[in-house]
Structures are given as structure tokens and as C-alpha cells.
Student: 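A single structure is presented below for examination.
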Amino acid sequence: MGNMATEIVAFVLTISGWILVSSTLPIDYWKVSSVDGTVITTATFWSNLWKTCVTDSTGVSNCKDFPSMLALDAYIQVCRGLMIASVCLGFFGAVLALVGMKCTKIGGSETTKARLTVGSGFHFVLSGLCCMTACSIYAHRITTDFFDPLFVAQKFELGAALFIGWAGSVLCILGGLIFCFSMPEGSSARAEYSCAGAASFVTAPNKCRKTVNGLQKEPGQSGRQFGRNAYV
């Protein structure tokens, strides 16, 4: 039950993080800047991975899509690729988690479900790392231009989308790590002990047998025995 509860917590964390990461991709405010007048803000400039826009004091926005992908700055192309990869990895991680979790009835044996769960964790960790890298690259470009005294063009600040992306990345990585370390003990290859019952284990310990490689051995019995069913 404890392992199942851990998987459920990891699933909630990863799905929440994946939703935040997915919502970051179309959000408008990746970077934002404003031109202030004497009393009110006369214009607000903002951009994301797909377009750049300006909103005047009346609330009217005019947007311009970025030109051909080949004419874009390299960092925008990298951020686009990383964000799309992050969303795709999170989707496949969610599918593997639904199949591999112990609370579901599909996925096969316990060993197979454990492997699927670990695979889901790797997908979510990679998804979080991709989103975090994309947001960090974009933020580094903004801060570099902002503090550069030789940069004379419009300077921008960090937008809300970057913080949402960082938060989603952390959730995906935390949940993915929990999935990776949630493999049940029964999936490891080791000797198992079987008893006739809990009462017999206390009252008659000699009835407990050690199972190794599919063979049962009585405690205190000689390691070598001759006969058709001999074992060592």
C-alpha cells in the first residue's frame, strides 16, 4: 500500500508539472517591456516563441508573427525544440505511468509494471530538464541584453511564462525521481522465504523453507542428497 501511495503522489506531481509545462508553450508573456508616460503606461511590448506584440493604453494589441524559421535567432529555435520535446516526453511518460502503476489493472506482471514505472520516471525527468533548459536559455538572453550597456534596442524583462515553466520543470523532475526509485522489492532477483502460515512460523519454525532457484530446502538438511531429485 505504501508503494502504491508513493506512485500516486509521483503521478500527481508529474501530471501537474506536465500541465504547467504544456501551458507555458502558448503563453504570451515570455518577455515583457513597457513604455511609461507621465501618468499611464503608453505601450506594453511582449513576446513569446511564436510572435511579438505591442499593447497600447486602450488595450488594443497588434501582433506580428516571427518570419521564416530559418530567419529566427538560434536561441528561439533551440527553445522551441526543447519545449516541444518536453511536452512529447511528458505525454509518453504519462502513458507509461498509467500502464505501469500498481493501482491499474493493465501492464502485465509486477516486474513488467515496475520497469514501465521506472521508464515513466526517466521520461518525466527528461521532460523537466528540457523545459528548464529552454526557460533558462531564454532568460539568459533577456538578462544579458538587459545588463549590456552597449545594447541600445528595446530591453525586456522576464515574463510570467518563464516562472511557470520553471515550476512545472521542478514538479516533473521530482515526480520522475520518485517514480525511478519506487521499484518494488519483489522485482529484484533474490532468495524468497515461504512459510506454511504466520502461526506455524512462530510455533513450528522448521516448517519454514528457503526457496532458492525454484528448489525448496529444509533447514538443517544436508546440502547434498542422492537420488532422482537430488540437489546441491
Student: Any side-chain heavy atom of Cys180 sitting closer than 4.5 Å to one from Phe124?
Tutor: no
Student: So do the side chains of Lys31 and Asn48 get within less than 4.5 Å of each other, counting heavy atoms only?
Tutor: no
Student: Could you grab the distance from atom CD of Glu110 to atom CZ of Arg115, nearest 0.5 Å is fine?
Tutor: 12.5 Å
Student: Enumerate the disulfide (SG to SG under 2.5 Å) contacts for residues 59-103, please, sequence neighbours excluded, ordered by first and then second residue.
Tutor: Cys53-Cys63
Student: Show your reasoning for whether side chain to side chain contact (heavy atoms under 4.5 Å, CB included) applies to Thr44 and Val54.
Tutor: CA-CA 6 Å; Thr44 301; Val54 57; over 6 Å; no
Student: Report yes if the side chains of Arg141 and Ile76 come closer than 4.5 Å at any heavy-atom pair, otherwise no.
Tutor: no
Student: Where do Val32 and Gly159 come nearest, in terms of heavy atoms and distance?
Tutor: CG1-CA, 4.5 Å
Student: Is there a path of hydrophobic side-chain contacts, each under 4.5 Å between heavy atoms of I, L, V, M, F, W or Y residues, that connects Val78 with Met83?
Tutor: yes
Student: Without hydrogens or angle criteria, can the side chains of Ser127 and Ser86 be said to hold a donor-acceptor pair below 3.5 Å?
Tutor: yes
Student: Of the non-hydrogen atoms in Ser47 and Thr52, which two are nearest, and what is the gap between them?
Tutor: OG-OG1, 2.9 Å
Student: Between the side chain of Ser120 and the main-chain N/O of Leu96, is any donor-acceptor distance below 3.5 Å?
Tutor: no
Student: Do the rings of Trp46 and Tyr29 sit parallel, tilted or perpendicular, given the 30° and 60° boundaries?
Tutor: tilted
Student: Evaluate side chain to side chain contact (heavy atoms under 4.5 Å, CB included) for Leu158 paired with Phe163, printing each intermediate quantity in order.
Tutor: CA-CA 8 Å; Leu158 303 180; Phe163 299 98; 4.0 Å; yes
Student: Would a hydrophobic clustering, with Ile, Leu, Val, Met, Phe, Trp and Tyr connected at side-chain separations under 4.5 Å, put Tyr138 with Phe151?
Tutor: no
Student: Write down the atom of Thr55, the atom of Ser61, and the distance for their closest heavy-atom approach.
Tutor: OG1-OG, 2.7 Å
Student: Quick check: do Thr104 and Lys113 have side-chain heavy atoms less than 4.5 Å from each other?
Tutor: yes
Student: Nearest 0.5 angstrom please: Thr24 OG1 to Leu162 CG, how far?
Tutor: 8.5 Å
Student: Does Tyr75 have more than 12 heavy atoms from other residues, nucleotides or ligands lying within 6.0 Å of its OH?
Tutor: yes
Student: Does the side chain of Phe122 reach to within under 4.5 Å of the side chain of Phe179, using non-hydrogen atoms?
Tutor: no
Student: For atom CD of Glu157, is the number of surrounding heavy atoms from other residues, nucleotides or ligands below 6.0 Å larger than 12?
Tutor: no
Student: Return yes if some donor-acceptor pair links the side-chain N/O of Lys155 with the main-chain N/O of Phe146 below 3.5 Å, else return no.
Tutor: yes
Student: Determine whether Phe66 and Trp50 satisfy the following criterion, ring-ring contact (aromatic ring centres under 6.0 Å, His included), listing intermediate values before the conclusion.
Tutor: CA-CA 6 Å; Phe66 288 141; Trp50 315 103; 8.7 Å; no
Student: Should Leu126 and Val87 be counted in the same cluster of Ile, Leu, Val, Met, Phe, Trp and Tyr side chains packed under 4.5 Å apart?
Tutor: no
Student: Are Thr14 and Leu171 close enough that some pair of their side-chain heavy atoms sits under 4.5 Å apart?
Tutor: no
Student: Which value, rounded to the nearest 0.5 Å, describes the distance between Thr133 atom OG1 and Ile137 atom CD1?
Tutor: 6.0 Å
Student: Do the side chains of Val170 and Trp166 get nearer than 4.5 Å, heavy atoms only?
Tutor: no
Student: Quick one: closest heavy-atom pair of Lys102 and Glu7, and the distance?
Tutor: N-OE1, 2.9 Å
Student: For the CE atom of Met101 and the OG1 atom of Thr6, what is their distance to the nearest 0.5 Å?
Tutor: 10.0 Å
Student: Rounded to the nearest 0.5 Å, what separation is found between the CD1 atom of Ile178 and the OG1 atom of Thr117?
Tutor: 13.0 Å
Student: Considering all heavy atoms of both residues, which atom of Gly168 and which atom of Val21 are nearest to each other, and what is their separation?
Tutor: C-CG2, 3.8 Å
Student: Leu72 and Arg80: which non-hydrogen atoms are nearest, and at how many Å?
Tutor: CD1-NH1, 3.4 Å
Student: Are Cys130 and Leu89 side-chain neighbours, meaning at least one heavy-atom pair lies under 4.5 Å?
Tutor: yes
Student: How many angstroms lie between CG in Leu25 and CD1 in Ile164, if you round to the nearest 0.5 Å?
Tutor: 12.5 Å
Student: Apply side chain to side chain contact (heavy atoms under 4.5 Å, CB included) to residues Phe156 and Gln154 and explain how you reach the verdict.
Tutor: CA-CA 7 Å; Phe156 291 86; Gln154 181 73 31; 3.9 Å; yes
